[in-house]
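This report concerns only the one structure given below.
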Number of protein chains: 2
Amino acid sequence: MEDVARAAGVSRMTVSRALRSDGPVSDETRSRILEIVKKMNYVPDQSAGSLSTRKSGFIATLVPSLNNLHFAESVQALNESVEDIGLQLLLGHTDYSRSREERLIESMLKRRPEVIVLPFDGHTQRTVKLLKQANVPVIEQWEIPEKPIDYTVGFSNADAAKRMTLALVERGYSRIAFVSESEDAWTRGAARRAGFEQGMLEANLSPHRQVRFGKPPISIHDGYLIGMQYKEHFADADCIFCVSDAPAFGVLSGLKELGVNVPNDIAVVGFGNFEMSRFASPKISTVELGGREIGQQTGSLIRRLLLAEAGIPKHTPINIQLKWRESTRTR
Amino acid sequence: MEDVARAAGVSRMTVSRALRSDGPVSDETRSRILEIVKKMNYVPDQSAGSLSTRKSGFIATLVPSLNNLHFAESVQALNESVEDIGLQLLLGHTDYSRSREERLIESMLKRRPEVIVLPFDGHTQRTVKLLKQANVPVIEQWEIPEKPIDYTVGFSNADAAKRMTLALVERGYSRIAFVSESEDAWTRGAARRAGFEQGMLEANLSPHRQVRFGKPPISIHDGYLIGMQYKEHFADADCIFCVSDAPAFGVLSGLKELGVNVPNDIAVVGFGNFEMSRFASPKISTVELGGREIGQQTGSLIRRLLLAEAGIPKHTPINIQLKWRESTRTR
DNA sequence: GCTTTCAATGTTACCGGTAACATTGATTTC
DNA sequence: GAAATCAATGTTACCGGTAACATTGAAAGC
């Protein structure tokens with residue numbers, strides 16, 4: 001910057017001003033400086049600037065995994081909605097591990113992010129402490145925590161699963177089985193299971209047809225193995241409701257291999273509306289979660305937070321939708 | 001840091017040393033300082049440190065899109081392989097646009113990354129200029145450029161497609177159709193198409209059975225629409241080779257809807273080995289690219305670069321594999 | 001014509017760390 | 001016992017920007 005200033009015959013400060021579009025510099029001086037900047041290929045060092053302004057321009061962003069289009073989409077939407085105001089995502093994936101989450105947050109805080117965005121899936125005590133002390137807005141996404149740290153953007157997985165369950169009952173299914181992970185480490189999965197149980201109880205039906213298999217996150221392959229055990233698990237069921245589309249897709253291919261017809265012999269329902277569900281055969285009925293919307297809403301929430309607007313709501317609800325396709329009968 | 005130093009009765013410098021595991025500080029002093037750090041919840045500011053050491057700890061990383069498990073996996077693998085040495089990814093997605101790529105690089109350079117990782121898919125002239133002037137190692141991934149900027153990690157898409165084509169011929173297919181995007185904006189797709197054509201010519205077969213449809217990146221839905229036009233496009237073909245697994249999956253569901261049997265009436269082959277291909281019905285034969293391996297190899301390359309090791313090869317080749325499944329006949 | 005005002009620019013200090021060199025005091029060496 | 005050595009710690013300056021205040025000179029106001 002010194003070099004540029006010298007070449008332009010001004011002080012460093014004037015160069016600094018010329019580079020920020022709002023700085024009070026005469027048009028003539030600015031254009032002269034910008035020309036020299038270009039000629040000398042000068043690229044300002046944003047870290048140095050951040051140190052002085054105390055604005056890092058970073059958003060610490062955690063996702064469970066990129067290996068899942070939900071999250072990837074939501075990150076992409078978030079990025080798109082904040083990049084025009086010069087914000088950068090610092091991305092990390094927790095791999096569904098709370099201790100990894102804690103470690104990531106600890107290391108990201110060293111970069112002084114202006115906002116912290118993370119999925120809610122339970123946190124360690126230390127994570128909560130770190131987040132609170134960071135003195136930075138925290139946005140928890142996807143599932144809504146009972147005790148939010150700060151802001152939330154998401155929906156209730158339990159309510160969504162319950163809604164689907166009751167809709168299935170309304171469509172004539174009564175012996176509905178629920179497929180989920182063998183552990184409840186994955187909070188959102190556990191919430192969906194709870195929603196299923198509530199729905200069944202409310203309809204006076206048994207919530208006890210459940211298959212629990214596979215470590216979170218449950219995969220297509222886990223679903224396939226479950227599907228292959230049709231006789232054992234689903235002989236008296238009329239519908240298989242899966243905790244996510246991945247196992248639903250797998251279950252379908254297992255059933256196909258056994259010659260079990262969906263939806264005539266049994267219905268299959270997923271959760272999440274992955275792209276593959278639209279193209280499975282039969283196409284899978286599922287719950288659409290709006291990953292893009294979560295990213296976008298988080299982005300606009302961040303913009304408002306950084307402008308220090310007043311009256312920003314603590315919770316931004318996201319709408320879910322039931323998608324009916326070929327894997328269920330229509331009444 | 002000043003506060004910690006005062007509380008410990010030492011100078012700031014000693015605190016700084018105590019926080020870096022290698023600093024020459026007596027064990028007693030270090031443990032005392034670390035205790036105070038913990039009690040006061042002091043989190044050092046890495047930007048300030050970077051300014052002084054001139055090491056940002058950032059890796060600028062571009063991907064075409066996160067909306068594709070290939071890239072997501074490779075990013076995840078890269079991240080895992082460098083996070084233990086304290087490196088952070090600055091992630092951006094180009095959305096398959098070169099001007100977006102240019103803009104992202106420009107903005108990331110302000111963070112003074114220590115390495116730049118990006119997919120090769122053609123660059124603008126200005127991008128190349130920016131990269132060269134940045135005076136930082138550049139790693140181009142996936143496709144191998146004819147004129148690499150610096151380091152490369154990847155494989156030749158043309159060779160891979162040619163290999164698959166010749167293998168199909170060997171399996172008895174001769175009237176092979178190739179499905180790809182309507183534009184060649186996507187360099188890797190164009191390379192695959194070129195490889196297909198070379199393979200067919202080498203086998204003395206016609207490379208002219210081609211369907212070009214959809215904007216890059218071609219989607220499952222595009223494939224579906226293409227599959228639905230079986231009579232029009234594939235009446236005299238015996239195999240459909242798709243530029244990626246996404247359209248292959250879509251083609252399959254289109255054909256199924258028309259009652260065309262795969263592989264008896266016609267074979268379908270993809271490229272990329274997406275997870276869905278293993279669970280489609282029939283399961284899709286495809287080319288496995290090794291996204292994780294690209295991420296890992298890039299990670300270990302970066303480690304060697306930052307240690308300034310000697311004799312680092314400019315190119316790291318990645319192996320591809322042909323995966324034979326149900327969508328093709330075995331000879 | 002003299003003061004006021006204001007836009008454009010300059011000066012100084014500081015953001016929060018660390019590099020490089022200086023200092024100190026105990027231990028080793030002969 | 002004096003000099004040499006070395007581990008532990010301190011001092012000073014600097015990394016590359018910007019905030020905050022100071023200065024300057026031309027235009028506006030009376």
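These figures come from a predicted structure and were not determined experimentally. A, B, ... follow the sequence lines: proteins, then strands. Residue 1 opens every chain.
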Under 4.0 Å from OP1 or OP2 of C:dG16: is there any side-chain N or O of B:S47 that close? no
A:D150 pairs by side chain to side chain contact (heavy atoms under 4.5 Å, CB included) with which of A:K314, A:K132, A:E140? A:K314
Among D:dG16, D:dG17, D:dC21, the one nearest A:R17 by side-chain distance: D:dC21
Nearest whole Å is fine: how far is C:dG17 P from B:Q46 CD? 11 Å
Compute both the distance and the angle, then confirm whether A:R111 meets the cation-pi test with B:F58: under 6.0 Å from the six-membered ring centre, within 45 degrees of the axis. yes
Nearest whole Å is fine: how far is D:dG16 P from A:M40 CE? 14 Å
Can you measure A:K55 atom NZ to D:dG17 atom C1' for me and round it to whole angstrom units? 15 Å
So, under a plain 3.5 Å distance rule, would you say the side chain of A:R112 forms a donor-acceptor pair with the base of C:dG16? no
Tell me what B:T29 touches on the nucleic acid: a base, only sugar-phosphate, or nothing, going by heavy atoms under 4.0 Å. sugar-phosphate
Once you apply a heavy-atom cut-off of 4.0 Å, does B:R20 come out as touching a base, just sugar-phosphate, or nothing? sugar-phosphate
Comparing nearest nucleotides in DNA chain D, the 5'-proximal residue of the pair B:S52, B:E28 is B:E28
Measure CG/A:L19 against P/D:dG17 and give the value in whole Å, please. 9 Å
Just say parallel, tilted or perpendicular for the rings of A:W142 and A:H70, cut-offs at 30° and 60°. tilted
Under 4.0 angstrom, heavy atoms only, what part of the nucleic acid is B:R54 near: base, sugar-phosphate, or nothing? sugar-phosphate
Find the distance A:R30:CZ to C:dA7:P and express it as a whole number of Å. 15 Å
Steps toward side chain to side chain donor-acceptor pair (under 3.5 Å) verdict (A:T124, A:E102): CA-CA 7 Å; A:T124 64; A:E102 181 181 313; 2.7 Å; yes
Salt bridge between B:R100 and A:E80, side-chain N to carboxylate O under 4.0 Å? no
What is the distance, to the nearest angstrom, from the CG atom on B:L51 to the C1' atom on D:dA13? 13 Å
Nearest to the side chain of A:R12 - C:dG16, D:dG17, D:dA19? D:dG17
The side chain of B:V10 lies closest to which of these nucleotides: C:dG16, D:dG10, D:dG17? D:dG10
Does A:T14 have a side-chain nitrogen or oxygen under 4.0 Å from the phosphate oxygens OP1 or OP2 of C:dG10? yes
Tell me what B:S11 touches on the nucleic acid: a base, only sugar-phosphate, or nothing, going by heavy atoms under 4.0 Å. base
Nucleotide of D:dG17, D:dT9, D:dA20 approaching A:M13 most closely (side-chain heavy atoms): D:dA20
Using a strict cut-off of less than 4.0 Å between a Lys/Arg side-chain nitrogen and an Asp/Glu carboxylate oxygen, indicate whether B:D45 and A:R54 qualify as a salt bridge. no
In terms of side-chain heavy atoms of A:T53, which of C:dA13, C:dG10, D:dA19 is nearest? D:dA19
CG of A:L109 versus P of C:dG17: gap in Å, rounded? 13 Å
Could you tell me the separation between the CD1 atom of B:I33 and the P atom of D:dG10, rounded to a whole number of Å? 8 Å
Does C:dT9 have its OP1 or OP2 closer than 4.0 Å to a side-chain nitrogen or oxygen of A:S26? yes
